[in-house]
2 protein chains.
Amino acid sequence: MKRITIYDVAKEADVSLATVSRVINGSEVVREDTRVKVQEAIEKLGYKPNAIAQGLALQKTTTIALIVPEASFFYTGQIINGLIDVAKIYKYNIVLHTATEGIIEMNDIIETIIKSRVDGVVIFNDKLSKNELNTLTRYQVPIVVIGNKMSDDTIGSVYVDYSKLVYDFTTKYLNKGITDIALVEDRKNPAMIKQLFDGISRAFADAGKSFDNYIEIPKDYRSSYLFLQEYFKSHKHELVITYRDSQAMAVLNTAAENNIRIPEDMEVVCILDSKYNAMARPQISGFKIPDYDLGAVAMRVMTKMLHDEDEVIDKEIELSYIYSPRKSTK
Amino acid sequence: MKRITIYDVAKEADVSLATVSRVINGSEVVREDTRVKVQEAIEKLGYKPNAIAQGLALQKTTTIALIVPEASFFYTGQIINGLIDVAKIYKYNIVLHTATEGIIEMNDIIETIIKSRVDGVVIFNDKLSKNELNTLTRYQVPIVVIGNKMSDDTIGSVYVDYSKLVYDFTTKYLNKGITDIALVEDRKNPAMIKQLFDGISRAFADAGKSFDNYIEIPKDYRSSYLFLQEYFKSHKHELVITYRDSQAMAVLNTAAENNIRIPEDMEVVCILDSKYNAMARPQISGFKIPDYDLGAVAMRVMTKMLHDEDEVIDKEIELSYIYSPRKSTK
DNA sequence: GTGAAAGCGCTAACAT
DNA sequence: ATGTTAGCGCTTTCAC
């Protein structure tokens, strides 16, 4: 079955291919009856414009590349949904790349991205530094970063200020006289840890105190569970802050085993809220991060960078969060 | 900055573009010294072949489309990871499409897929019937379906037989004399419900009994929680089977509130295991579904359909599961 | 072993 | 309002 082309349509409708092209692209200058004639031919033949050929001719692909950390779909899912939903509106395709650790692989991804001539790339990576983007910026590809504040001629970003979040939350507790606050985190995400640590430290500093309860736990649930099981035999804090739901649950479970009542003896809060926080017992308080919006807004910024070239647009967009107090805090 | 093309390289290396093309594509017929000469030119200019132009010339894009149900990333994440990992190996790009309910949107997606001239499409959709694929098959695009057993000239599939899973599990309990078995499910996924229902019904039938404890619950956690809270005031079963972790947790939580001890008074098992099952208290027994493999194998089948055109390949691949007994069952 | 030229399907001046 | 034609960047016969 030969793929039917614009020539076939032209012949069928007895016009030139230029006219067919005009019809496809909704040019105004085509007379109504010939437009109908062409439309019928298109319909009859079941013609679908070849996006690849269009891409070659127009020097743009209407596809953007999305890079997400591998195996991060638990918290990336909504971001992708948001991204794709607005991509659909603007008729963009999304090619998905997953990046593991390691700069070598990142270079591979960038290589294929460059070759595929995407119109832009969105990177979700809270670990990424602006410097690491140089490989990409060299090729003049518009970039939107999700998770890190930065901007530039060809770079935009959408993010949540976790440092501020933690600062405000910590300050609230310090003001209540609660000072035995601990931060539980693994080393999976250094940049995130830094933000959290900065926020809590600043809060302590502003209160004339210093923060020193950073508890580093293993990366996987099982090990961190065992670690905390031991830890809470001899420790207890007024407030424990964790980043992910699994960490909060590990705290919950191990505290219970050590007869630490939550929230009476110890309060627990989870930064990155999830539906599982509401299923745990006691239900875990957390901050609702607007993941869907992070993706949607990122794509929106992308389209602006791509279309409204003249207009000055805001390239650093901070999104807000909502605190959901539940049963693990007083 | 002008994008540098194969012509630029040809000029720089003082050869024809045909030769450059040969070097790029690793043709054997190029003399060693000219190959080196060309390579140096490529290096010097930082030339990256334009995949779009290659696509046009070769009539193939080395990209495959992946369609997943929207907002399903919790159980789709690993599938995508597996898919992408083997796609990388074979140098394929993945363009991601999310499908909501509704045939209209599906047609939109298929439309853009056809236009983008992908080499194949992988569909993760346990609701999909072979009939609905016709729109796609008409265009001769190789298809691999994840989650449903089916095959055809241009269709392959990778799946887990949930019906069998439930049949075996139920039979085991029936053999122990446990007959008060209930299936808790919402109506999110009719095809899946059918599989589960079929399996359990067959088991009962083979034991000379009939199954009638299908408990339909609301789709979201909150409502189903309230529903079950009421339900367990007046009901209790020897074994409750749920599909998703959130459903199992709802059962756990509401049972606890009604003083039903698990597993002493009632056992609970979750078909689709997740890490959260191990964090619940009591820990929930479940079946480990090989999601990563589903994706990886699907992509492998795809590449086979694309490359080894002559060779006969197995187009219906059933993957197995592993039972993880934990604390919610005896 | 290497070059010349046609063609992949489409868009966008430029003509008419 | 519509047709002609020159690219877009690359692959691949066919000559040499």
Side-chain angles (χ1 to χ4, degrees), chain A residues 1-39 41-42 45-63 91 93 112 114-119 139, chain B residues 1-39 41-42 45-63 91 112-119 139:
Chain A
M1 159 204 178
K2 176 184 173 301
R3 270 281 159 74
I4 71 118
T5 75
I6 199 169
Y7 290 99
D8 303 319
V9 177
K11 193 182 298 171
E12 176 72 27
D14 196 33
V15 295
S16 80
L17 75 169
T19 301
V20 178
S21 175
R22 290 191 186 98
V23 172
I24 296 171
N25 298 296
S27 166
E28 290 303 329
V29 299
V30 185
R31 215 197 309 139
E32 189 53 24
D33 57 328
T34 89
R35 144 166 284 115
V36 170
K37 196 170 57 178
V38 171
Q39 279 294 7
I42 289 177
L45 300 178
Y47 167 69
K48 306 282 180 201
N50 182 330
I52 300 300
Q54 289 180 316
L56 225 210
L58 289 175
Q59 299 283 65
K60 52 182 188 169
T61 52
T62 58
T63 104
K91 310 279 186 196
N93 284 323
T112 83
I114 296 300
K115 287 183 182 168
S116 63
R117 300 294 195 268
V118 294
D119 295 343
Y139 292 95
Chain B
M1 159 204 177
K2 176 185 174 302
R3 271 280 158 75
I4 73 118
T5 77
I6 198 171
Y7 291 99
D8 303 319
V9 177
K11 192 184 299 172
E12 176 73 28
D14 197 31
V15 295
S16 78
L17 74 169
T19 300
V20 177
S21 176
R22 290 190 185 97
V23 172
I24 296 171
N25 298 296
S27 166
E28 291 302 330
V29 297
V30 185
R31 214 196 311 139
E32 188 53 23
D33 56 329
T34 91
R35 145 168 283 115
V36 170
K37 197 168 56 176
V38 171
Q39 279 295 7
I42 289 177
L45 301 178
Y47 168 69
K48 308 281 180 201
N50 182 331
I52 301 300
Q54 288 180 317
L56 226 210
L58 290 174
Q59 301 282 66
K60 53 182 190 167
T61 53
T62 57
T63 103
K91 309 279 187 198
T112 82
I113 284 182
I114 297 300
K115 287 182 183 169
S116 63
R117 301 292 195 270
V118 295
D119 295 342
Y139 292 95

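Here is how names work: the chains are called A, B, and so on, in the same order as the sequence lines, proteins then strands, and each is numbered from 1. Note that the structure is predicted; figures quoted are calculated from it, not measured. These numbers come from the heavy atoms of this one structure, side chains and all, not from hydrogens, waters or symmetry mates.
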Report summary line: Whole-Å distance, B/K11 NZ to C/dG3 P, equals 15 Å
Report task. Find the distance B/L17:CG to C/dG7:P and express it as a whole number of Å. Result -> 16 Å
Query raised in the report: With distance as the sole test, does A/N25 use its side chain to make a donor-acceptor pair with the main-chain N or O of A/S27 at under 3.5 Å?
Result: no
Query raised in the report: Roughly, in whole Å, what's the span from CG in A/N50 to P in D/dC10?
Result: 17 Å
Query raised in the report: Of all the choices, C/dT2, D/dC10, D/dG9, which nucleotide is nearest to the side chain of A/L56 once you look at every atom?
Result: D/dG9
Query raised in the report: Does a nitrogen or oxygen in the side chain of B/T34 sit under 4.0 Å from OP1 or OP2 of C/dG1?
Result: no
Query raised in the report: With a cut-off of 6.0 Å (strictly less than), are more than 12 heavy atoms of other residues, nucleotides or ligands near CG of B/D14?
Result: no
Query raised in the report: For the side chain of B/R3 and the backbone of B/K48, is there at least one donor-acceptor N/O pair under 3.5 Å apart?
Result: no
Output one line per pair: protein atom, nucleotide atom from nucleotides 13-16 of chain C, and distance, for all N/O pairs under 3.5 Å.
none

Query raised in the report: Does some side-chain heavy atom of A/D33 sit less than 4.5 Å from a side-chain heavy atom of A/V36?
Result: no
Requested in this report: Mind listing the closest non-hydrogen atom pair of A/N93 and B/S116 along with its distance?
Outcome: ND2-CB, 4.2 Å
Query raised in the report: Between A/N25 and C/dT11, is there a side-chain N or O to OP1/OP2 distance below 4.0 Å?
Result: yes
**Report entry** N or O in side chain of A/Q59 less than 4.0 angstrom from C/dT11 OP1/OP2
**Finding:** no
Requested in this report: Please determine, for the side chain of B/A57, which listed nucleotide (C/dC8, D/dC8, C/dT2) has the closest atom?
Outcome: C/dC8
Query raised in the report: Reckon B/S21 touches a base, only the sugar-phosphate, or nothing at all at heavy-atom distances under 4.0 Å?
Result: base
Report task. Output yes when at least one side-chain N/O atom of A/Q54 is less than 4.0 Å from OP1 or OP2 of D/dC8, else no. Result -> no
Query - B/K115 and A/Q54, any side-chain heavy atoms less than 4.5 Å apart - result: no
Report task. With heavy atoms under 4.0 Å as the rule, sort A/V30 into base, sugar-phosphate or nothing. Result -> sugar-phosphate
**Report entry** Integer-rounded Å distance: C/dG9 C1' and B/K115 NZ
**Finding:** 15 Å
Query raised in the report: Between atom CD1 in A/I52 and atom C1' in D/dC8, what is the gap in whole Å?
Result: 13 Å
Query raised in the report: Between A/D119 (CG) and D/dC8 (C1'), how many Å, whole number?
Result: 15 Å
Query - The single option from A/S16, A/S21, A/P49 passing side-chain contact (heavy atoms from CB on, under 4.5 Å) against A/I6 - result: A/S21
Requested in this report: Quickly work out the B/R117 CZ to D/dC10 C1' distance and round it to whole Å.
Outcome: 18 Å
Query raised in the report: Think A/T5 has a side-chain N or O under 4.0 angstrom from the OP1 or OP2 of C/dC8?
Result: no
Requested in this report: Using a heavy-atom cut-off of under 4.0 Å over every strand shown, decide if B/V20 touches base, sugar-phosphate, or nothing.
Outcome: nothing
Query - Base of C/dC8 paired with side chain of A/Y7 (donor-acceptor, under 3.5 Å) - result: no
Report task. Choose from C/dG1, D/dA1, D/dC10 the nucleotide whose nearest atom is closest to any side-chain atom of B/R31. Result -> C/dG1
Report task. Indicate the atoms forming the closest heavy-atom contact of A/R35 with A/V23, along with that distance. Result -> CA-CG2, 4.2 Å
Query raised in the report: Taking CD from B/E28 and P from C/dG1, how many angstroms apart are they, rounded to a whole number?
Result: 11 Å
Requested in this report: Among the candidates D/dC8, D/dT2, D/dC10, find the nucleotide nearest to the side-chain atoms of B/I6.
Outcome: D/dC10
Query raised in the report: Within less than 4.0 Å of OP1 or OP2 of C/dT2, is there a side-chain N or O belonging to B/T19?
Result: no
